[in-house]
Amino acid sequence: MGLTMGMRKSEILKLSWDRVDMKSRIIHLRAEDTKTRKARSFAISDQAYRILKSRRSGSPFIFPSPVNLSQPQMSGMARAWANCKAKAKVNGRFHDLRHTFLTIAFRSKDVNPALVCFYAGLSLDEAQRTYLHFDTDDTRLVVLALRENWGKNV
């Protein structure tokens with residue numbers, strides 16, 4: 001969910017089934033469950049959808065605490081993350097999954113950067129500081145896009 005949907009670790013860990021619409025394939029985050037304190041809804045990736053279908057348990061949380069199913073899993077993540085990295089033979093922080101997702105999304109020519117920000121609960125200012133590293137050559141893309149849409153006189 002971090003890599004294929006750009007969700008923050010806290011958003012994933014606090015996620016409850018009542019916030020997941022499997023029929024519409026939408027996740028609805030409450031304001032209190034986001035870093036920016038703004039509610040948002042967004043599509044579930046195909047990979048996450050398959051995993052979510054297989055995770056149904058008696059808990060209200062997607063990732064429940066192993067000692068108390070009525071609570072989210074909020075501890076023990078450091079060890080779990082270390083085990084995942086060891087199995088995959090990679091290094092990095094959990095947040096690097098979100099960073100990778102956003103970097104790929106922003107590089108996509110088919111997706112408006114403002115839409116990526118909306119999807120990920122990210123301000124355009126934060127996106128520019130962290131993910132969008134434009135230079136003068138990138139501004140030529142604006143002229144080319146306008147030329148394609150408005151004709152050769154641009």
Side-chain angles (χ1 to χ4, degrees), residues 1-134 138 141-142 145 148-149:
M1 294 170 88
L3 182 61
T4 68
M5 294 174 18
M7 291 179 70
R8 294 176 178 94
K9 180 170 69 171
S10 63
E11 295 169 345
I12 296 168
L13 294 177
K14 293 178 186 176
L15 188 59
S16 56
W17 285 109
D18 63 331
R19 300 283 158 211
V20 178
D21 183 340
M22 292 296 282
K23 185 176 181 184
S24 299
R25 293 183 174 211
I26 300 289
I27 288 178
H28 305 279
L29 295 181
R30 299 173 299 195
E32 60 266 26
D33 294 331
T34 68
K35 178 182 175 182
T36 59
R37 297 295 178 233
K38 293 181 183 174
R40 74 178 197 276
S41 297
F42 50 92
I44 300 172
S45 71
D46 291 342
Q47 298 91 331
Y49 180 78
R50 285 192 297 275
I51 292 168
L52 288 171
K53 278 179 41 175
S54 70
R55 284 205 60 86
R56 266 310 199 174
S57 67
S59 173
F61 294 96
I62 308 264
F63 300 100
S65 165
V67 294
N68 184 352
L69 293 179
S70 65
Q71 296 293 318
Q73 170 77 40
M74 296 304 284
S75 63
M77 284 300 299
R79 185 173 41 197
W81 179 239
N83 290 340
C84 287
K85 291 189 304 182
K87 281 184 180 180
K89 297 179 181 161
V90 297
N91 291 316
R93 305 166 301 153
F94 189 88
H95 188 75
D96 293 339
L97 300 174
R98 176 177 166 84
H99 192 98
T100 299
F101 168 84
L102 289 167
T103 300
I104 292 168
F106 282 124
R107 288 184 181 161
S108 171
K109 293 179 181 159
D110 300 326
V111 182
N112 181 323
L115 182 57
V116 174
C117 289
F118 176 77
Y119 181 97
L122 186 68
S123 73
L124 286 169
D125 285 341
E126 185 179 354
Q128 177 138 10
R129 281 192 315 273
T130 310
Y131 306 100
L132 300 172
H133 308 292
F134 296 124
D138 293 317
L141 298 173
V142 175
E148 281 181 28
N149 290 300

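Excluded from the calculations below are hydrogen atoms, water molecules and symmetry mates; all remaining heavy atoms, backbone and side chain alike, are included.
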For the residue pair Trp81 and Phe94, does the interplanar ring angle fall in the parallel (under 30°), tilted (30 to 60°) or perpendicular (over 60°) class? perpendicular
Those residues at least two apart in sequence (or on a different chain) that pass side-chain contact (heavy atoms from CB on, under 4.5 Å) with Lys109 are none
Are the side chains of Met1 and Phe63 in contact, using a 4.5 Å heavy-atom criterion? yes
Taking distance alone, no hydrogens or angles, what donor-acceptor pairs closer than 3.5 Å link side-chain atoms of residues 42-50 to residues at least two apart or in another chain?
residue: Ser45; atom: OG; partner: Thr4; partner atom: OG1; Å: 2.7
residue: Ser45; atom: OG; partner: Ala48; partner atom: N; Å: 3.1
residue: Asp46; atom: OD1; partner: Arg25; partner atom: NH1; Å: 3.2

How far apart are the closest heavy atoms of Ala114 and Leu124, and which atoms are they? CA-CD2, 4.0 Å
Tell me whether the count of non-hydrogen atoms from other residues, nucleotides or ligands lying under 6.0 Å of CZ in Arg30 goes above 12. yes
Does the side chain of Asp33 come within less than 4.5 Å of Glu11's, by heavy atoms? no
Would you please name every residue forming a side-chain contact (heavy atoms from CB on, under 4.5 Å) with Val90, sequence neighbours left out? Lys85, Ala88
Who passes salt bridge (Lys or Arg N to Asp or Glu O under 4.0 Å) against Asp96, sequence neighbours left out? Arg93
Ile12 vs Arg98 side-chain heavy atoms within contact, under 4.5 Å: no
Check: Cys117 and Gln128 side chains under 4.5 Å, non-hydrogen atoms: no
Any side-chain heavy atom of Leu102 within less than 4.5 Å of one from Val116? yes
Contact summary for His99 and Tyr131, nearest pair of heavy atoms: ND1-CE2, 3.1 Å
Can you measure from CG (Leu13) to CD1 (Ile62) and round to the nearest 0.5 angstrom? 11.0 Å
Spatial distance of atom CZ (Arg40) from atom CD1 (Ile27) [nearest 0.5 Å]: 9.0 Å
Just grab all the side-chain hydrogen bond (donor to acceptor under 3.5 Å, both in side chains) pairs involving residues 62-73, residues at least two apart or on different chains. Asn68-Ser70
How long is the span from the OG1 atom in Thr34 to the CZ atom in Arg8, to the nearest 0.5 Å? 7.0 Å
How would you list all residue pairs meeting side-chain hydrogen bond (donor to acceptor under 3.5 Å, both in side chains) that involve residues 115-126, not counting sequence neighbours? none
Are more than 12 heavy atoms from other residues, nucleotides or ligands located less than 6.0 Å from atom CG of Asn91? no
Between Leu122 and Ala127, which heavy-atom pair has the shortest distance, and what is it? CD2-CB, 3.9 Å
Does Arg37 use its side chain to pair, donor to acceptor, with the backbone of Glu32 at less than 3.5 Å? yes
